[in-house]
Structures are given as C-alpha cells and as structure tokens.
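Since the structure comes first, as structure tokens, the remarks are kept for the end.
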Amino acid sequence: MKAFATERGLKIASWHRENESGAKLDRPELFKLLSDAQEGDVLLIEQVDRLSRLNDADWKKLRAAIDAKGVRIVALDLPTSHQLMGSNADGFTGRVLEAVNGLLLDLLAATARKDYEDRRRRQAQGVVKARAEGKFKGRPENVDRNAGIEGMLTSGMSWNDIKKATGCGRATIAKIVKRMKDQKAA
C-alpha cells in the first residue's frame with residue numbers, strides 16, 4: 001500500500017489496523033477511521049474482502065456510513081477505483097466512474113460473503129465426515145488452564161475476572177461450572 005501511494009504521489013494521513021473479521025459489522029477501528037475521515041478522503045484497502053465479508057444488510061449499513069462521510073473507497077485489487085483518486089474528471093465522467101466503482105464494490109463484497117459462507121460450509125462438512133470416520137475429535141482440552149479455572153471458581157472469583165486472567169470465553173467457564181456440578185451430583 002505504501003508503494004501504491006508513493007507511485008501516485010499520495011500522502012497517507014493515517015494507518016488503521018484491525019484484527020476483527022470482515023464478516024462482522026462491529027469493527028471499532030474501521031468506525032474510528034470513518035469518524036475521523038473528511039469528505040473526499042480516500043479509504044485505501046488492500047482488497048475488498050478485507051473491508052467486507054458482511055451479509056447484505058450489514059454491507060448496506062457500512063456502505064451508507066461510508067457514503068454519508070463522502071469517503072472514496074480505493075482497493076488495490078479494483079483498478080476502476082484507482083481512477084477516483086484525485087480525479088479531475090468532468091461531472092458526467094466522475095459520476096459514471098463512481099457508479100461503476102460502486103457497482104463493482106457491491107459485487108466484490110457479495111462475492112467475498114459468498115466465498116466466506118462456502119468455506120465455512122465446506123469446513124463444517126469436512127468436520128462431520130472426519131467425525132464419522134473417527135478422525136476428528138475437536139480441539140484437545142487445555143487441562144492445566146481448566147484446572148486453574150476450577151480453582152478460581154472455587155475461590156469465588158468472578159467470571160469476568162477469570163476471562164481476563166485466562167483469555168478464555170464464557171462458554172468455557174460455563175462448561176467447567178457444569179462439569180463441577182455434575183461431579184458434585186455424582
């Protein structure tokens with residue numbers, strides 16, 4: 001992206017990196033970027049699927065937020081979007097470029113979502129098949145961590161504090177609480 005900007009004489013005003021899935025609309029860093037953006041700014045992305053693997057409704061919300069700010073999306077993998085940067089095109093040509101780019105963005109976002117859903121479906125099918133063949137048993141239990149969680153629960157520590165201390169989710173804690181109850185009942 002640096003090379004792309006340098007080749008075109010563009011200045012990158014800020015960098016935003018986010019470690020959230022493009023399949024989620026809840027993207028704090030993306031919305032911070034949009035909050036800070038000014039009309040006419042360019043949102044430079046590596047690929048459209050890095051911006052969105054959202055379902056249709058969420059993609060429409062994100063596009064509306066981007067459009068409301070007047071931010072232009074430029075994707076390295078979408079050459080038509082490159083023409084929108086600093087375009088001096090007359091009104092008609094500019095509108096045509098924006099329409100074509102918007103259509104292609106919508107198409108690539110829909111394709112990214114379909115690819116995401118297809119990969120998840122195929123993965124689930126593979127897991128079902130592997131389980132049926134006795135080859136898949138799931139992720140092995142982290143016995144040491146879970147023993148520590150049991151100790152924390154026994155000492156009266158809150159679930160939130162346990163989550164912070166161990167990095168596990170509520171489902172893991174709930175599973176351990178259930179197992180402890182089952183052991184007491186037996």
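Basis for what follows: all heavy atoms, side chains included, without hydrogens, waters or symmetry-related copies.
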Sidechain-backbone polar pair: [X] side chain, [Y] backbone, donor-acceptor under 3.5 Å:
{"X": "Ser52", "Y": "Asp49", "answer": "no"}
{"X": "Lys69", "Y": "Ala37", "answer": "yes"}
{"X": "Thr154", "Y": "Glu150", "answer": "yes"}
{"X": "Ser35", "Y": "Phe31", "answer": "no"}

Is the count of non-hydrogen atoms from other residues, nucleotides or ligands lying under 6.0 Å from [X] atom [atom1] greater than 12?
{"X": "Gln125", "atom1": "CD", "result": "yes"}
{"X": "Glu133", "atom1": "CD", "result": "yes"}
{"X": "Gln183", "atom1": "CD", "result": "yes"}

How many angstroms lie between atom [atom1] of [X] and atom [atom2] of [Y], to the nearest 0.5 angstrom?
{"X": "Asp77", "Y": "Glu46", "atom1": "CG", "atom2": "CD", "value": "8.5 Å"}
{"X": "Arg72", "Y": "Asp67", "atom1": "CZ", "atom2": "CG", "value": "12.0 Å"}
{"X": "Ile149", "Y": "Ile173", "atom1": "CD1", "atom2": "CD1", "value": "6.0 Å"}
{"X": "Asn55", "Y": "Lys61", "atom1": "CG", "atom2": "NZ", "value": "8.0 Å"}
{"X": "Arg95", "Y": "Thr93", "atom1": "CZ", "atom2": "OG1", "value": "10.5 Å"}
{"X": "Leu104", "Y": "Leu78", "atom1": "CG", "atom2": "CG", "value": "5.5 Å"}

Could you tell me whether [X] and [Y] have a side-chain N and a carboxylate O separated by less than 4.0 Å?
{"X": "Asp182", "Y": "Arg179", "value": "no"}
{"X": "Arg27", "Y": "Glu20", "value": "no"}
{"X": "Glu18", "Y": "Arg50", "value": "no"}

- Query: Is there a path of hydrophobic side-chain contacts, each under 4.5 Å between heavy atoms of I, L, V, M, F, W or Y residues, that connects Leu108 with Val100?
  - Reply: yes

- Item | hydrophobic_cluster_shared for Leu54 and Leu105, side chain cutoff 4.5 Å | yes

- Task: In sequence, state the C-alpha distance, the side-chain angles, and the governing distance for Arg63 and Asp106, and then conclude on salt bridge (Lys or Arg N to Asp or Glu O under 4.0 Å).
- Result: CA-CA 9 Å; Arg63 272 297 301 271; Asp106 288 344; 2.7 Å; yes

- With side-chain hydrogen bond (donor to acceptor under 3.5 Å, both in side chains) as the test, would you mind laying out the steps for Ser14 and His16 before giving the verdict? CA-CA 7 Å; Ser14 66; His16 291 263; 3.2 Å; yes

- side chain to side chain contact (heavy atoms under 4.5 Å, CB included), paired with Leu33, selected from Leu43, Asp41, Val71: Leu43

- Message: Under the salt bridge (Lys or Arg N to Asp or Glu O under 4.0 Å) test against Glu117, which residue among Arg113, Arg119, Lys114 passes?
- Response: Arg113

- Query: Are any non-hydrogen side-chain atoms of Leu51 and Trp59 less than 4.5 angstrom apart?
  - Reply: yes

